[in-house]
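A quick write-up on the structure given underneath.
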Amino acid sequence: MTTTASKPATTDIKCPHCDTLFAIDGAQYASIIGQVRNAEFESELHARLAEAEKIKAAEIARAVSDTALKAQQQATAKDAEIEKLRAEAKSAETVRDLAVATAVSEAQQNLNAANIKLALQSAEQKAKDAALRESHAKELALKDDLIERYKDMKARLSVKLLGETLEQHCETEFNRMRSLAFPDAQFGKDSDAASGTKGDYVFRDFSDGVEYVSIMFEMKNESDVSATKKKNADFLSKLDKDRREKGCEYAVLVSMLEEDSDLYTGITDVSHLYPKMFVVRPQFFLAIIALLRNAAQDTITVKAELEQVKKQNIDITNFESDLEEFKSAFGRNYDLAKRKFDGAIKEIDVAIDRLQKVKEGLLGSENNLRLANDKATALSVKKLTKGNPTMAVKFDEARSQADDEAAA
């Protein structure tokens, strides 16, 4: 079945100006209707916009009027409030002025009272300051006078007296501790000037009779007003010489010299200059003795053994000396006898008339031989070892060894 497309429906439109009819289809009609509608919409839109502008202008005018009215009302209220505040401020200012005046009056009274009190305190403080200054001036005057007297006293002290003052100080300090710390020690002035010089003091300590430490001391002081200031180094050479000549192991210079030196502040080891030598201040006098003695106590056993060896060597030396003395005496007697005997023989050969003299010579020779024989006969190991325990022990050991070898 064939279908034929239907023609679009047409519409007759009459022109409002010329009354002419036009036939238009639906699409054209819709387009015209749209154009008409758009034109009406725009016209209506412009009309509504104009009306809205009028309404807006009226509302703006009304708002402006209302705002002006409100502003006028607010300004009136504000003026009234300002007047009210002015009145209150004026009243508050009056009250404030009154309060300020009252406060100022009270403050002035307090200030006057404080000024009066401050003036009294200032006067009291001035009086106290004056009294304190006067007291300080008196104290300073007393101290200055004491210093001057001390300087004058030291200026009048001789160098010897200054040294003796330091020596007395050291001796007193040692004697205070002697019974407690140094019961077996000897400490006293060096009185041996055989070598031409002597030190000040010598300290020696003993253990079981064996000396294990010894110190040569030199004390040096100096006047504050001395024109030429001595130095510690000026006395080290002599001190070392005294130490060696007096057989001391250590040397110590107790010194008040060079008081401002940073080197000599306590115990100073100067063994790089002289062996086993120290420079100390007086307050370290006992300390250096204790240090050196404690360091030497470790050598007590060694020194005791060394002393024993020395005694044995002395015994052997004495034995050898006695033997040599005997041999010398025997030799002298023998030589004398031989000379007289030879002389007698010569006398016999020379002349018979000298027989008497030869006889006397022979008798003298016999007597000397007898004496020599008596000495040789009296010589025994017991006599040789008398008073010599070391050799007695040696001979006993030799005798025991010989007996053992004989028994073997």
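Numbers for residues simply follow the sequence, beginning at 1.
Judged by distance alone, the side chain of Asp184 and the main-chain N or O of Asp205 form no donor-acceptor pair under 3.5 Å. Looking at Thr67, its side chain does come within 3.5 Å of a backbone N or O of Ala63 through a donor-acceptor pair. Although no hydrogens or angles enter the test, the distance criterion places a donor-acceptor pair under 3.5 Å between the side chain of Thr268 and the main chain of Leu263. In terms of modelled atom types and a separation under 3.5 Å, the side chain of Ser105 and the main chain of Ala101 share no donor-acceptor contact. Side-chain atoms of Ser122 never come within 3.5 Å of backbone atoms of Leu118 as a donor-acceptor pair (strictly under, hydrogens ignored). For the pair Asp234 (side chain) and Lys231 (backbone), a donor-acceptor distance under 3.5 Å is present. Under a 3.5 Å cut-off, the side chain of Arg281 and the backbone N or O of Ser255 do form a donor-acceptor pair. Here the side chain of Ser135 pairs no donor or acceptor atom with the backbone of Ala131 at under 3.5 angstrom.
With a 4.5 Å cut-off on side-chain heavy atoms, Val279 and Leu236 count as touching. In this structure, Lys198 and Lys246 have side chains that are in contact, with non-hydrogen atoms separated by less than 4.5 Å. Contact check for Phe203 versus Phe182: side-chain heavy atoms found under the 4.5 Å cut-off. At least one side-chain heavy atom of Cys248 sits less than 4.5 Å from a side-chain heavy atom of Arg204. Contact of the Glu81 side chain with the Leu85 side chain is registered, since non-hydrogen atoms from C-beta on lie closer than 4.5 Å. Looking only at side-chain heavy atoms (C-beta outward), Val254 and Lys220 stay at 4.5 Å or farther from each other. Under the 4.5 Å side-chain criterion, counting only non-hydrogen atoms from C-beta, Met256 is in contact with Pro282.
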- Just do the salt bridge (Lys or Arg N to Asp or Glu O under 4.0 Å) check on Arg243 and Glu249 with the steps written out, would you? CA-CA 7 Å; Arg243 177 190 72 83; Glu249 184 177 1; over 6 Å; no
- Message: Go through it in stages, so that I can follow the logic: the residues are Asn110 and Glu106, the test is side-chain hydrogen bond (donor to acceptor under 3.5 Å, both in side chains), and I'd like the CA-CA distance, side-chain angles, deciding distance and then a yes or no.
- Response: CA-CA 6 Å; Asn110 293 334; Glu106 292 178 355; 5.9 Å; no
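Counting heavy-atom neighbours within 6.0 Å of Gln121 CD, excluding the residue itself, gives a total above 12. More than 12 heavy-atom neighbours from other residues, nucleotides or ligands sit within 6.0 angstrom of CG on Asn112.
Of the listed residues (Val202, Ile289, Leu253), just one forms a side chain to side chain contact (heavy atoms under 4.5 Å, CB included) with Phe217, and that residue is Ile289.
Minimum interatomic distance between Leu286 and Met177 (heavy atoms only, all atoms of both residues): CD1-CG, 3.7 Å. Closest heavy-atom contact between Asp190 and Met216: OD2-CE, 3.7 Å. For the pair Ile215 and Leu292, the tightest heavy-atom approach, listed with the atom from each and the gap, is CD1-CD1, 3.7 Å. Closest non-hydrogen pair, Arg178 versus Ala185, comes out as NH1-O, 3.6 Å.
In this structure, Lys238 pairs ionically with Asp242, as a charged nitrogen and a carboxylate oxygen lie closer than 4.0 Å. Here Lys128 does not pair with Glu124 in a salt bridge; the nearest charged N to carboxylate O distance is not below 4.0 Å.
Looking at Tyr264 and Asn232, their side chains never bring a donor and an acceptor atom within 3.5 Å of each other.
Aromatic ring centres of Tyr201 and Phe187: separated by under 6.0 Å.
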